[in-house]
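Following: one structure in structure tokens, then a few remarks.
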There are 2 protein chains.
Amino acid sequence: MAERISEAELAVMEALWASPVPLTAQEVHDRIGDARDWSDRTVKTMLGRLLAKGVLAHEEDGRRYLYRPAVKRDAYVAGESRRLVDRLFGGRAAPLVAHLAEGEGLSPQDIAELEALLKELKA
Amino acid sequence: MAERISEAELAVMEALWASPVPLTAQEVHDRIGDARDWSDRTVKTMLGRLLAKGVLAHEEDGRRYLYRPAVKRDAYVAGESRRLVDRLFGGRAAPLVAHLAEGEGLSPQDIAELEALLKELKA
DNA sequence: TCATTACGATCACAACTGTAATCGAAGAGG
DNA sequence: CCTCTTCGATTACAGTTGTGATCGTAATGA
């Protein structure tokens with residue numbers, strides 16, 4: 001498990017995560033349309049690879065497939081976040097936030113949300 | 001600029017970032033020794049690629065090279081952090097921290113540090 | 001029924017990665 | 001001087017990624 005999802009593949013996963021129902025390859029292609037200028041073949045390739053990696057599932061719908069995520073977005077995102085924190089910050093989150101802050105990366109809204117979050121964590 | 005550094009290459013960069021003086025390929029190999037079981041050839045390859053990417057600089061020391069980072073660790077780390085936050089959290093940091101918190105990823109120390117950090121940011 | 005279309009499956013191909021081995025020149029040792 | 005070692009440079013080679021094209025087959029429309 002825990003096969004890595006590449007950057008391009010992520011676009012496909014996002015389309016599927018965003019849909020409450022399984023999608024055909026066509027539909028995935030349509031929904032990605034804006035973000036990436038991909039041919040439908042490229043999307044098919046991505047779908048095939050993601051299936052092979054086991055992060056997608058498919059059910060047959062006549063002669064087509066309907067694709068659906070086999071891993072939750074939350075799990076993926078949590079894993080990636082942890083990887084980054086482990087690789088670059090010795091596993092500790094505070095320095096990450098500090099870095100984001102330095103680079104103008106934190107909006108006042110972010111700061112407010114973080115405060116609320118911390119309050120909750122301490123409770 | 002801003003060439004991407006691969007995971008394996010990062011080990012080499014860390015060795016150089018950790019040294020106050022430029023290092024020979026041999027020395028880099030020695031310092032990595034623990035973490036990765038690499039042949040000296042492999043380390044040379046990494047050094048060559050990092051040079052080509054422009055993230056390392058070298059000066060000649062007789063017949064050898066002394067290698068030294070050409071980008072600051074801080075800059076690299078900030079860039080990678082931003083990439084992650086952009087890709088997975090729509091550019092906002094708060095959800096990242098929330099995810100880390102969910103996965104038991106935040107120690108009490110982390111939380112304390114974050115609080116201190118936020119206090120400073122508001123000042 | 002026959003050509004066209006719509007699918008999934010398979011193949012293509014260059015760039016990047018991980019992990020080295022080989023080559024040619026410069027020093028070091030005898 | 002000649003050989004052995006040491007460097008950097010070049011080459012290797014399989015796996016992944018980004019981007020598609022081709023193939024075979026099943027459905028569809030004329």
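Quick note on labels: first sequence line is chain A, next is B, and so on, each numbered from 1. Just so it is clear, the structure is predicted and the values come from calculations on it, not from any experiment. Worth knowing before you read on, the calculation uses all heavy atoms, side chains too, and leaves out hydrogens, waters and symmetry mates.
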For residues A/Trp17 and A/Lys72, report the shortest heavy-atom separation together with the two atoms involved. NE1-C, 3.7 Å
Any donor-acceptor N/O pair, A/His29 side chain to A/Trp38 backbone, under 3.5 Å: yes
Under 3.5 Å donor-acceptor pair, A/Thr45 side-chain atoms to D/dG20 base atoms: yes
Which listed nucleotide (D/dG18, D/dT6, D/dG8) is nearest to the side chain of A/Ser6? D/dG18
Minimum-distance nucleotide to A/Met46 side chain [options: D/dG18, C/dT19, D/dG20]: D/dG18
Kindly point out which of D/dC7, C/dG18, D/dA9 is positioned nearest to the side chain of B/Lys44? D/dC7
One thing to verify: whether B/Glu7 and A/Arg83 come together as a salt bridge, which I'm taking to mean a side-chain N less than 4.0 angstrom from a carboxylate O. yes
Is the closest basic N to carboxylate O distance between B/Arg92 and A/Glu113 below 4.0 Å? yes
Donor-acceptor pair (no angle test) under 3.5 Å: B/Arg49 side chain, C/dT19 base: yes
Round to the nearest Å and state the distance from A/Asp40 atom CG to C/dA6 atom P. 10 Å
When you measure only distances, ignoring hydrogens and angles, does the side chain of B/Arg36 come within 3.5 Å of the base of C/dG18 through a donor and an acceptor? no
Rounded to whole Å, the OH-C1' distance (A/Tyr65 to D/dT25) equals 13 Å
Rounded interatomic separation in angstrom, taking CG from B/Leu66 and C1' from D/dG8: 13 Å
Whole angstrom value for the distance that separates P of D/dT17 from CG of A/Leu10: 12 Å
Separation of A/Ile5 atom CD1 from D/dG18 atom P, in whole Å? 12 Å
B/Ile32 CD1 to C/dT19 C1': how many Å, rounded? 13 Å
Distance in angstrom units between B/Glu7 CD and D/dT17 C1', rounded: 16 Å
Which nucleotide in D/dG8, D/dT6, C/dG18 has an atom nearest any side-chain atom of B/Arg63: D/dT6
Regarding the side chain of A/Thr42, the nearest nucleotide among D/dT19, D/dC7, C/dA9 is D/dT19
Rounded to whole Å, the CG-C1' distance (B/Leu50 to C/dC16) equals 13 Å
Identify, between A/Arg41 and A/Trp38, the residue whose nearest nucleotide on DNA chain D lies closer to the 5' end. A/Trp38
Please confirm whether any donor atom in the side chain of B/Arg64 sits under 3.5 Å from an acceptor in the base of D/dT6, or the reverse. no
Are the charged groups of A/Glu9 and A/Lys53 less than 4.0 angstrom apart, N to O? yes
Once you apply a heavy-atom cut-off of 4.0 Å, does A/Asp37 come out as touching a base, just sugar-phosphate, or nothing? sugar-phosphate
